[in-house]
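Here's the structure, in structure tokens; my notes come after.
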Number of protein chains: 2
Amino acid sequence: MKSMASTSEKILDIAQSLIVTGGYNGFSYADISAAIGIRKASIHHHFPTKADLVSALVDRYRRQAEAGLTFLREQASSPAEQLQSYMNYWQTCIRDASLPFCVCAMLASEMQMLPEEVASRVRAHFHGLAGWLASVLQAGVEQGLFRLDKRPEEEAQVLMASLHGAMLSARAFSDPGLFVAIVAPQIARLRSPDC
Amino acid sequence: MKSMASTSEKILDIAQSLIVTGGYNGFSYADISAAIGIRKASIHHHFPTKADLVSALVDRYRRQAEAGLTFLREQASSPAEQLQSYMNYWQTCIRDASLPFCVCAMLASEMQMLPEEVASRVRAHFHGLAGWLASVLQAGVEQGLFRLDKRPEEEAQVLMASLHGAMLSARAFSDPGLFVAIVAPQIARLRSPDC
DNA sequence: AATTACCTTCCTACTAGTAGGTAGTCAAAA
DNA sequence: TTTTGACTACCTACTAGTAGGAAGGTAATT
């Protein structure tokens, strides 16, 4: 009985996949309406305005991301494997096209014209991800596994930018393999030479 | 008399800045119309369809980019300085907000829903930029200035992804300085240790 | 047990405004 | 005189959003 998703969840599912392919202005209530067989007005019942809908969408995405990252921290044995697993997660999403781009990266590219309530949530996701990466790098340094040229926070920014840039290139060239080809060397170069 | 830009150039100027902030679906003929004081129908005279307009826009952008990159190759003395100058160019664009994002990077994020005539041009820009970067890296290796872990083409992809990711982060955090903070270390690490 | 009231979800039908695009006109320039 | 570049006026389709109501479930009141 777990597969029975509520209507509002279905709305968010569709909206998310539409945003990932076309951004904030790339979808409409009518698109969602057609996709799940419900009238436009019914979607407005669940999410009065588009800003409400996308805000709820980003909130859910952030909760899922945070849960996933926490799981990785607890599950994967070493910081190096945590980064590897995170990369593998995205590799799978891109390969099977289930989520071929980060929702917040997509929205960030349109940052200047997003409703403020959405923009602030997108910023929060960037902060959260950068923080997680920095803490993983920090742990790796403490365990003598990583050798960083800069402070963990700065290296985390470099790594996050590589991740997003790699998603963009994979999309531009329609080549899912390009994502790993770009990200893997960036993770590899962090490894301390003596291990 | 050189400052007297033609109407079609003015249309492309406005459209470019609108695309850079909001993407393909983030602007309309009415927006351009209002910005340059001309009727919508007059814009259709110059560019019959939106796909025509954006195609012409990307063509012009690609010509300018190619000219700029060729100039850098001829002007800057060493491959290292060529990369540095390219980064500085974008730093200036981002700082003064004249072009705070690459037109083609913006469009690439919406790749899947672009008209094919636009999509192919965006892909061509990615190929061209990756090729230029690869040739600069290749030259650097031949002159003993760079020490690469991988083939120049692969390193070029890594570098290009960092550039685009850095633009995105700078935008997400509204922090122009973040662009250089991310890209500079990526260029620095290419340098051969013995020089 | 039946009534009352409320809540949720979805519906039809509508609005004002915007989207990209077209037809036909007209003045000035080539 | 033909071409260019602008115009007015219009079209159809779609945009986000609203009004009001029907159907069903829940829960307390009578």
Side-chain angles (χ1 to χ4, degrees), chain A residues 1 3-58 60 106-107 110 112-119 121, chain B residues 1 3-58 60 106-107 110 112-119 121:
Chain A
M1 280 296 190
S3 66
M4 202 187 75
S6 70
T7 302
S8 60
E9 287 289 307
K10 279 192 247 171
I11 292 171
L12 294 181
D13 289 343
I14 297 292
Q16 176 164 302
S17 81
L18 290 171
I19 283 182
V20 164
T21 68
Y24 189 89
N25 291 310
F27 79 101
S28 71
Y29 276 50
D31 294 329
I32 301 170
S33 163
I36 63 175
I38 189 183
R39 299 295 131 180
K40 268 193 331 167
S42 307
I43 303 171
H44 280 287
H45 165 74
H46 293 279
F47 305 102
T49 71
K50 198 176 185 181
D52 290 333
L53 198 165
V54 179
S55 292
L57 179 72
V58 176
R60 189 184 69 156
M106 194 70 197
L107 291 172
E110 306 170 293
Q112 290 161 317
M113 48 125 283
L114 292 179
E116 177 49 35
E117 43 192 324
V118 176
R121 286 168 165 87
Chain B
M1 282 294 190
S3 67
M4 202 189 73
S6 69
T7 301
S8 61
E9 288 289 308
K10 278 192 248 173
I11 292 171
L12 294 182
D13 289 342
I14 297 291
Q16 177 165 300
S17 82
L18 290 172
I19 283 183
V20 163
T21 69
Y24 189 89
N25 291 310
F27 80 102
S28 70
Y29 275 50
D31 294 329
I32 302 171
S33 163
I36 64 175
I38 188 184
R39 300 294 133 181
K40 268 195 326 170
S42 307
I43 303 171
H44 280 288
H45 167 71
H46 294 277
F47 305 101
T49 72
K50 196 175 185 180
D52 289 334
L53 197 166
V54 178
S55 292
L57 179 73
V58 176
R60 188 184 70 157
M106 194 69 197
L107 291 172
E110 305 170 294
Q112 292 162 314
M113 46 126 284
L114 293 178
E116 177 49 36
E117 41 192 324
V118 177
R121 287 168 164 86

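Because the structure is predicted, anything quoted here is derived from the model rather than measured. Protein chains get the first letters and strands the later ones, always in sequence-line order, with residue 1 at the start of each.
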Please give, in whole Å, the distance from [N] [atom2] to [X] [atom1]?
X	N	atom1	atom2	result
B:Asn25	D:dA16	CG	C1'	15 Å
A:Phe27	D:dC14	CZ	C1'	15 Å
A:His45	C:dT12	NE2	P	16 Å

N/O donor-acceptor pair under 3.5 Å between A:Lys50 side chain and A:Tyr24 backbone: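 Side chain of A:Lys50 to backbone of A:Tyr24: a pair is present.
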Under 4.0 angstrom between [X] side-chain N/O and [N] OP1 or OP2:
X	N	answer
A:Thr7	C:dT9	no
B:His46	D:dA6	yes
B:Thr49	C:dG20	no
A:Ser28	D:dT15	yes

First of A:Lys40 and B:Ser42 reached from the 5' end of DNA chain D, by closest nucleotide: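 Counting from the 5' end, the first nearest nucleotide belongs to B:Ser42.
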Is a donor-acceptor pair below 3.5 Å formed from side chain A:Lys50 to base D:dG17, judging by atom type as modelled? no
Among the candidates [options], find the nucleotide nearest to the side-chain atoms of [X].
X	options	result
B:Ala41	C:dT22, D:dG17, C:dT8	C:dT22
B:Ile38	C:dC11, D:dA16, D:dA6	D:dA6
A:Arg39	C:dT8, D:dT15, C:dT12	C:dT12
A:Tyr29	C:dT9, D:dA16, C:dG20	D:dA16

